[in-house]
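Sequence lines set the chain letters: A, B, ... in the order given, protein chains first and strands last, and positions in each chain run from 1.
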Amino acid sequence: MSSQQSLLDGLNEPQRSAVTHSGGPLLIVAGAGSGKTRVLTHRIAYLLAERGVRPGEVLAITFTNKAAAEMKERIENITGARVANAMWVMTFHSACVRILRREGNRLGYPSSFTIYDSADSQRLMQLVCRELDLDPKRYPPKSFSAQVSNLKNELVDYDTFAGQAQSDQERKLAEAYTLYQRRLHEAGAMDFDDLIMVTVNLLHAFPEVAEHYRRRFRHVLVDEYQDTNHAQYELVRALVGEGGPDAVVPPAELCVVGDADQSIYAFRGATIRNILEFERDYPDARTILLEQNYRSSQNILTAANAVIARNAERRPKNLWSEQGDGPAIVGYVADNEHDEAAFVVGEIDQLTDDGVCAPGEVAVFYRTNAQSRVFEDVFIRTGLPYKIVGGVRFYERREIRDILAYLRVLANPEDTVSLRRILNVPKRGIGDRAEAMIELFAARERISFAQALRRAEDAPGIATRSLKAIREFVALLDELAGLVPDSTPAEIVEAVLQRTGYLSELANSKDLQDESRMENLEEFVQVAREFENTFTAPLAEDQEEAGPEEEAGEPTLVDFLEQISLVADADQIPDADEHGGVVTLMTLHSAKGLEFPVVFLTGLEDGVFPHARTLGDRTALEEERRLAYVGITRAQERLFLTRSAVRSAWGTPAYNPASRFLDEVPKELIDWRRAESTIAAVSSRPRMPSVPSRGRPRDVPTLSPGDKVTHDSFGMGTVLLVDGAGDRTKARIDFGADIGEKDFLVKFAPIEKL
DNA sequence: CATAGATAGCAATTA
DNA sequence: GCTATCTATG
């Protein structure tokens, strides 16, 4: 058994105070790399071991599944799995789903409600806007969707908003919001933001429900508190309870951890206010500062401190380390993004060859997903193993979403958005017109789309051919639905793939993409199998404490769908220890919470990072700076800062000046490998690209015999001879036996030098 | 009337 | 460079 001593071993003074603090609310201001997860897990273990807290009384909330899983694992290492399983260690969204599955019927939601992700909710908003005859130019559904999301993050419901709508835009938005919410409810669905807002409403509207959870959770711990938005703030308040004279249950002990300097999610409603004013919100709160950094060398910390110090509204904080200065930060100015990527890959090659680090210890960060493409090209070309986190995610791929839509309809037949998605996928002859007629019919009869589909005979204006297709489709759904009760998720997935003809359509296609689609679907079946094997049923409320034999119920389709909708696979960050691992490429946002011995921070240009849209806005610019701070503090030993003089953004090259964040790093810390670009002079005079349009303008390569090149359609080749000069340079290139030798005008040929 | 192929508009960050 | 929408065809 863990004694008090071992739980506090190896912790510094403030960390110990944070672990042992008892009584009032506690705010832990944890600088980057200051051992925050360690403090949280040890605190939980300490609660159990020294303060007689039962595991079921603990609720620990994180933002990502990855963080939740890590925390759970580290708690397990101290307390053992049985104890850890009885706690709620999960994300805001998962916790809400669990509450809502149990209590949502009080608000008219089925316990098998569907969770719409942002793509689904945008689709629904599009349908709603069309139904309201809104001109998509003046009232873009996408923007409406975003605005509704913002409103929900502020806990503004459609009624309240309709009441205060002033402008024409706002009134239209209010209409759309109202109808959108009605359609969601009818479909038995909630979007991401509803998960939080509806839970808050539920806790407010039903005191007995709130009391139930307050009795249960005596310790509430929140990670990354700086990323909470207003709705999440209220949720925490509601769960903790007010206490006071007429409260039945005294307030739970609240412990939040955060770092205002790492707040990078204002765009999804996060407000720094929550952490800055914690002491005002909870008057008897205690604050503990963790400033000793255990991650990075001092040079890296000095750079990070210098950058973040430029932000006006912040409490001063100074990270320090006992690890020594470490190597200098390396700077590099590239001519263009290809050059930048080549430099990065070259350095990684060097470092791994010299045995300084394994590929798995290296990360490349960029501001926007679009920047990953060039890196990917170069990594593939050089054969360096890599993995891109984020971007087009697995669950956002079309084929996966199609199958998911089938599964959702099977779980919840009223789910209109999913139903309409699969109506004609694979193609079965139910076209736009037929769909429109069903919709019209549903509206007139005041029945759901699903019900209207089953009564298609009665709907006017549908061709007999379509009618037949619809009947077959309904029969197909019924057949599949019949399988659901006694099949496992994986079996259902396979049945859907087979019986809908989805697989055979892909198999018969000659589109190259479809091959990888099939592979993805195969992987999806694998995901389902995996799920069945690892599934542990959430313990029922009343047996949460007891039971050595954990009753793991059969995993249902609903369980499977829930896991998928809540797991973004940004959680797929590669493990460094697996055979040296692979280089990780990701956006700065996904990088939060991670650490790497070697970090490349790329695209440091004004207009890229900080992003162009933030340049005129002081608060937005401060958030960009925090993002830079997050990026820099991910590095443990070596940090590379790169920028490019020219960068092509959708076709046109842009000349960007150095990022202001680069200038904010003290000069003596940076060892410039290349400090100026040779084409920097060109940047002063704005010039149009010399090749007007005609496809994407490309850099004209300088070729000499023997060079390896790649051609867009002919592939790899070797330059045999070069003739002429300037724009009229010609090259003869050998593409091997199959294609032979060809002559090109270098200026126009789609050739790239390798 | 459904479908396939062409085209315009568009991409900041995410649970 | 990619996806939703428009247009020509079967």
Please report the C-alpha distance between A/Arg314 and A/Glu622 in whole Å, then the side-chain angles of each, then the deciding distance to 0.1 Å, and finally whether the salt bridge (charged side-chain N to carboxylate O under 4.0 Å, His left out) criterion is met.
CA-CA 10 Å; A/Arg314 70 183 279 272; A/Glu622 294 213 337; over 6 Å; no
Choose from B/dA12, B/dA11, B/dT14 the nucleotide whose nearest atom is closest to any side-chain atom of A/Ser590.
B/dT14
Look at the aromatic rings of A/Phe524 and A/Phe560 and report parallel, tilted or perpendicular, splitting at 30° and 60°.
tilted
A/Ser118 near the nucleic acid: base, sugar-phosphate alone, or nothing, with a heavy-atom cut-off under 4.0 Å?
nothing
Quickly, which of A/Asp193, A/Asn229, A/Asp191 forms a side chain to side chain donor-acceptor pair (under 3.5 Å) with A/Lys152? Name it, please.
A/Asp191
May I ask you to say what A/Arg373 touches in the nucleic acid, namely base, sugar-phosphate or nothing, with a heavy-atom cut-off under 4.0 Å?
sugar-phosphate
Heavy-atom pair of closest approach, residues A/Thr587 and A/Asn369
CG2-OD1, 3.2 Å
Between A/Arg367, A/Arg647, A/Arg643, which is the residue that forms a salt bridge (charged side-chain N to carboxylate O under 4.0 Å, His left out) with A/Glu605?
A/Arg647
Kindly state whether the pair A/His611 / B/dA12 counts as stacked, where counting means centroids closer than 5.5 Å and planes tilted less than 30° apart.
yes
Please work out if A/Lys142 contacts a base, only the sugar-phosphate, or nothing of the nucleic acid, heavy-atom cut-off 4.0 Å.
sugar-phosphate
Starting from the 5' end of DNA chain B, give me the residue, A/Arg367 or A/Lys427, whose nearest nucleotide shows up first.
A/Lys427
Could you tell me if A/Glu623 and A/Thr619 have a donor-acceptor pair between their side chains, going purely by distance under 3.5 Å?
no
Classify A/Tyr265 by what it touches in the nucleic acid, base, sugar-phosphate, or nothing, heavy-atom distance under 4.0 Å.
sugar-phosphate
Quick tally for nucleotides 5-10 of chain C: nucleotides whose base has a protein heavy atom under 4.0 Å get B, sugar-phosphate-only ones S, the rest -, giving S-----
With respect to the side chain of A/Ala463, which nucleotide from B/dC1, B/dT14, B/dA12 is positioned closest?
B/dC1
Does the side-chain ring of A/Phe267 lie flat on the base of B/dT13, meaning centres under 5.5 Å and planes less than 30 degrees apart?
yes
The nucleotide from B/dA15, B/dA11, B/dA12 with an atom nearest the side chain of A/Thr368 is B/dA12
Indicate whether A/Phe192 forms a stack on B/dA15; treat it as stacked only if centroid distance is below 5.5 angstrom and interplanar angle below 30 degrees.
yes
Set of residues satisfying ring-ring contact (aromatic ring centres under 6.0 Å, His included) with respect to A/His589, sequence neighbours excluded
A/Tyr265, A/Phe267
Which is true for A/Asp117 with a 4.0 Å heavy-atom rule: it touches a base, it touches only sugar-phosphate, or it touches nothing?
nothing
Sugar-phosphate only, base, or nothing, as touched by A/Ala434 at under 4.0 Å among non-hydrogen atoms:
sugar-phosphate
